[in-house]
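Keep in mind that the numbers below use all heavy atoms, side chains included, and drop hydrogens, waters and symmetry copies. It should be emphasised that the depicted structure is a prediction, and the values quoted were computed from it without experimental measurement.
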Amino acid sequence: AEHPWVLSALYSGNVYIWDYSNNTLIKSFEMGTNPVRCARFIVRKNWIIAGTDDMKLRVYNYNTMEKVKEWEAHTDYIRFIEIHPNR
């Protein structure tokens with residue numbers, strides 16, 4: 001089932017999932033103390049991925065809120081993430 005959700009990445013180090021149909025916060029993920037500059041849904045996996053100022057990408061399952069993976073992905077702040085459409 002599709003959800004009326006949007007994802008927001010915050011300078012505070014958090015990522016929020018909002019229900020835009022009624023303006024309510026659905027879930028909150030604390031990525032750490034570093035700013036989160038970008039985040040994307042990977043719906044086919046039930047994941048969110050976020051890029052932070054500590055040069056890491058973090059992947060979470062948005063149903064269970066469990067961390068799937070974390071790794072250093074760049075030598076500078078991660079400012080943008082694009083998801084391959086079918087991989």
Side-chain angles (χ1 to χ4, degrees):
E2 291 188 27
H3 302 287
W5 288 357
V6 294
L7 190 61
S8 60
L10 305 175
Y11 198 80
S12 66
N14 293 319
V15 172
Y16 292 162
I17 297 175
W18 294 91
D19 182 328
Y20 64 82
S21 69
N22 58 18
N23 301 328
T24 57
L25 181 63
I26 302 298
K27 295 187 182 189
S28 173
F29 297 84
E30 185 176 322
M31 302 286 155
T33 58
N34 290 294
V36 181
R37 299 206 178 238
C38 53
R40 299 290 298 254
F41 283 110
I42 305 176
V43 176
R44 68 185 173 277
K45 297 277 196 175
N46 296 323
W47 292 350
I48 59 169
I49 185 168
T52 58
D53 278 8
D54 61 0
M55 287 75 81
K56 292 183 179 178
L57 288 173
R58 291 175 175 84
V59 180
Y60 284 80
N61 181 303
Y62 58 71
N63 290 320
T64 65
M65 298 181 73
E66 292 180 38
K67 187 187 295 182
V68 175
K69 188 171 177 94
E70 173 183 320
W71 70 100
E72 190 168 317
H74 204 279
T75 58
D76 195 4
Y77 303 156
I78 299 173
R79 296 174 182 87
F80 183 79
I81 298 169
E82 186 63 50
I83 307 301
H84 192 283
N86 57 15
R87 298 227 180 235

Using 30° and 60° as the class boundaries, would you call the ring planes of Trp5 and His3 parallel, tilted or perpendicular?
parallel
Set of side-chain hydrogen bond (donor to acceptor under 3.5 Å, both in side chains) partners for Lys67, sequence neighbours left out
Glu70
Please test Ile83 against Lys45 for side chain to side chain contact (heavy atoms under 4.5 Å, CB included), starting from the C-alpha separation and ending with a verdict.
CA-CA 12 Å; Ile83 307 301; Lys45 297 277 196 175; over 6 Å; no
Same cluster or not: are Trp18 and Leu10 linked, directly or through other Ile, Leu, Val, Met, Phe, Trp or Tyr residues, by side-chain heavy atoms under 4.5 angstrom apart?
yes
Rounded to the nearest 0.5 Å, the CG atom of Asn14 sits from the CZ atom of Phe29 at a distance of 11.0 Å
If you group Ile, Leu, Val, Met, Phe, Trp and Tyr by side-chain heavy-atom gaps below 4.5 Å, do Ile42 and Ile78 land in one group?
yes
Identify, with sequence neighbours excluded, every residue that meets side-chain hydrogen bond (donor to acceptor under 3.5 Å, both in side chains) alongside Asn23.
none
Are the side chains of Ile17 and Phe41 in touch, meaning some heavy atoms are under 4.5 Å apart?
yes
Point-to-point distance, once rounded to the nearest 0.5 Å, from CG of Asp19 to CD1 of Ile26
4.5 Å
With rounding to the nearest 0.5 angstrom, report the CG to OH distance, Asn34 to Tyr11.
9.0 Å
Examine distances only and state if a side-chain atom of Arg40 and a backbone atom of Cys38 form a donor-acceptor pair shorter than 3.5 Å.
no
Is it the case that one hydrophobic cluster holds both Met65 and Tyr60, taking links as side-chain heavy atoms less than 4.5 Å apart, direct or via other members?
yes
Linking I/L/V/M/F/W/Y whenever any side-chain heavy atoms sit under 4.5 Å apart, do Trp71 and Trp47 land together?
yes
Nearest-0.5 Å distance that lies between atom CZ in Arg79 and atom OG1 in Thr52:
12.0 Å
Return yes if some donor-acceptor pair links the side-chain N/O of Lys27 with the main-chain N/O of Asn63 below 3.5 Å, else return no.
yes
Quick one: does Ile48's side chain get under 4.5 Å of Met31's, heavy atoms only?
yes
What's the shortest heavy-atom distance between Val15 and Ala50, and which atoms?
CG2-CB, 4.1 Å
Could you state whether Val6 and Ile49 fall into the same hydrophobic cluster, counting links through intermediate Ile, Leu, Val, Met, Phe, Trp or Tyr residues with side-chain heavy atoms under 4.5 angstrom apart?
no
